[in-house]
Amino acid sequence: MNTHLSILNELKHGNYKVLARTLTLVENDIAPSDLILKNLDTSSGAFVIGITGPPGAGKSTLVNALTSQLVGDGKRVAILAIDPTSPFNFGSLLGDRIRMAAQFNHPDVFIRSLATRGALGGISAKTIEMVDVLKASDFDVILIETVGVGQSEVEIAGLADKTVVVLVPESGDEIQNIKSGLMEVADCFVVNKADRDGAEVFANNLQKMIHQGVKSVPVIKTVADQGIGISELVKWIEQPLESDNKRKVFLLAEKAWKIIQHRKMQAIDKIRLHDEIQAALLKNDFNVYRFAESFIKSDG
């Protein structure tokens, strides 16, 4: 049997060791990752849930609590924790998996961290590919925790079946930002750390703001580190998805755009780019736009 077909078969049967190796192959563009991706069956029916929101909202704690509830209900869960990337070494900075240490040895939980690779909203072509590998595996729910960095969080909507935006009572100042972007992609708002002062007022204000919008979005209050409100959130997650073909076409086009963009950029020699920038900076008339145009022409 061909290597990639053997790998795909092992993925379907929930082989975590093969899954971990496959994700590494895909993340680093190592053969036969291209064949694996072209032959993926992503129709497993697994729910892909995006968890996003500003730093400090307790996203990792919420993911941990959700995972405990889901596996307690007999579900198999994959977690993709997307960490911010250092602009200098392109490594993963946070290591969210440390916060989920309790889940590591559970036979029905698979956890993987992924660096954002410079994608502001935390969604790169690699994220798309790795989520599709997880969808081709034997999971019921795939949780994606993304970096909360503002407007670019909307990118998660193109990847997840449902998007959860996590806020805390102190997020009042961010309401205007929510209006300008996240409102359009949030399928559910979670007010975490709801035992803090002002939580009830904040949740009510959020609910009023939602009623002014074009779609109904639930607001669920949680205290994730105590497991409060998690059952209600799981019930919402497990509700059947509403079919929207126009949205699906739009999101798949965005997904294809990122994959095509990534493939075309693979031909760019970043080391040569770095060296030529260094040399160009020695000239007094350096202009990054002229440089970029010149580099594209020489690379073509």
Side-chain angles (χ1 to χ4, degrees), residues 2-8 11 18-42 48 50 80-93 112-137 144 146-147 149 151-160 249-283 285-300:
N2 292 336
T3 303
H4 71 281
L5 295 179
S6 175
I7 288 171
L8 291 168
L11 290 179
V18 171
L19 174 57
R21 287 199 297 269
T22 304
L23 289 171
T24 298
L25 294 176
V26 168
E27 185 177 8
N28 296 286
D29 294 313
I30 300 170
S33 64
D34 192 43
L35 286 172
I36 291 169
L37 291 170
K38 287 177 183 176
N39 289 277
L40 283 177
D41 177 9
T42 58
V48 180
L80 188 63
I82 304 174
D83 296 337
T85 302
S86 164
F88 301 107
N89 61 18
F90 291 94
S92 177
L93 288 177
R112 179 77 174 220
S113 269
L114 173 66
T116 61
R117 295 171 177 255
L120 290 178
I123 306 302
S124 65
K126 286 293 124 193
T127 311
I128 292 170
E129 293 169 0
M130 291 173 77
V131 169
D132 279 341
V133 170
L134 292 171
K135 285 171 71 175
S137 304
I144 310 169
T146 70
V147 185
V149 291
Q151 191 65 25
S152 295
E153 289 167 336
V154 298
E155 292 187 0
I156 187 64
L159 193 61
V249 170
F250 173 77
L251 295 178
L252 281 174
E254 289 298 306
K255 186 173 177 178
W257 172 271
K258 274 195 174 291
I259 293 168
I260 293 165
Q261 187 181 49
H262 171 70
R263 297 287 163 86
K264 286 190 173 289
M265 286 297 292
Q266 281 181 314
I268 302 295
D269 185 342
K270 199 159 188 180
I271 294 173
R272 182 168 75 84
L273 174 65
H274 183 277
D275 291 344
E276 290 194 17
I277 279 276
Q278 194 168 30
L281 281 171
L282 298 175
K283 301 174 183 177
D285 64 342
F286 175 78
N287 177 285
V288 70
Y289 300 99
R290 289 198 301 269
F291 172 85
E293 185 176 2
S294 173
F295 187 88
I296 290 167
K297 287 177 179 177
S298 66
D299 209 58

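Quick caveat: nothing in here was measured; it's all calculated off a predicted structure.
Within 6.0 Å of the CG atom in L282, the count of heavy atoms belonging to other residues, nucleotides or ligands exceeds 12.
A pairwise comparison of heavy atoms in L19 and S137 identifies CD1-OG, 3.5 Å as the closest pair. Nearest approach of A160 to G50, heavy atoms of both residues: CB-N, 3.4 Å. Pairing each heavy atom of P32 with each of T3, the nearest pair is CG-CG2, 4.3 Å.
We find that R290 and E293 are not joined by a salt bridge, their nearest charged nitrogen and carboxylate oxygen being 4.0 Å or further apart.
The side chain to side chain contact (heavy atoms under 4.5 Å, CB included) test applied to S294 returns no partner, not counting sequence neighbours. For D269, the salt bridge (charged side-chain N to carboxylate O under 4.0 Å, His left out) test picks out no residue, with sequence neighbours left out.
Here the CG atom belonging to L80 is positioned 6.0 Å from the CG atom belonging to L134, to the nearest 0.5 angstrom. With rounding to the nearest 0.5 Å, the separation of CD1 in I144 from CZ in R112 is 14.5 Å. The structure places CG of L35 at 11.5 Å from CG of L25, a figure rounded to the nearest 0.5 Å. Atom CD1 in I268 sits 5.5 Å away from atom CZ in F295 (nearest 0.5 Å). Once rounded to the nearest 0.5 Å, the distance linking NZ of K126 with CE of M130 reads 8.5 Å. For the atom pair CZ of R21 and CD1 of I7, the computed distance is 8.0 Å after rounding to the nearest 0.5 Å.
Under the 3.5 Å distance criterion, the side-chain polar atoms of N287 are matched with a main-chain donor or acceptor of Y289.
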Legend entry - Audit row: D34, R263, side-chain contact (heavy atoms from CB on, under 4.5 Å) steps and yes/no: CA-CA 11 Å; D34 192 43; R263 297 287 163 86; 3.9 Å; yes
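Of the candidates L37, I36, L8, T22 forms a side chain to side chain contact (heavy atoms under 4.5 Å, CB included) with just one, namely I36.
The salt bridge (charged side-chain N to carboxylate O under 4.0 Å, His left out) pairs that include a residue from residues 272-282 are R272-E276, R272-D299, where partners are two or more places apart or lie in different chains.
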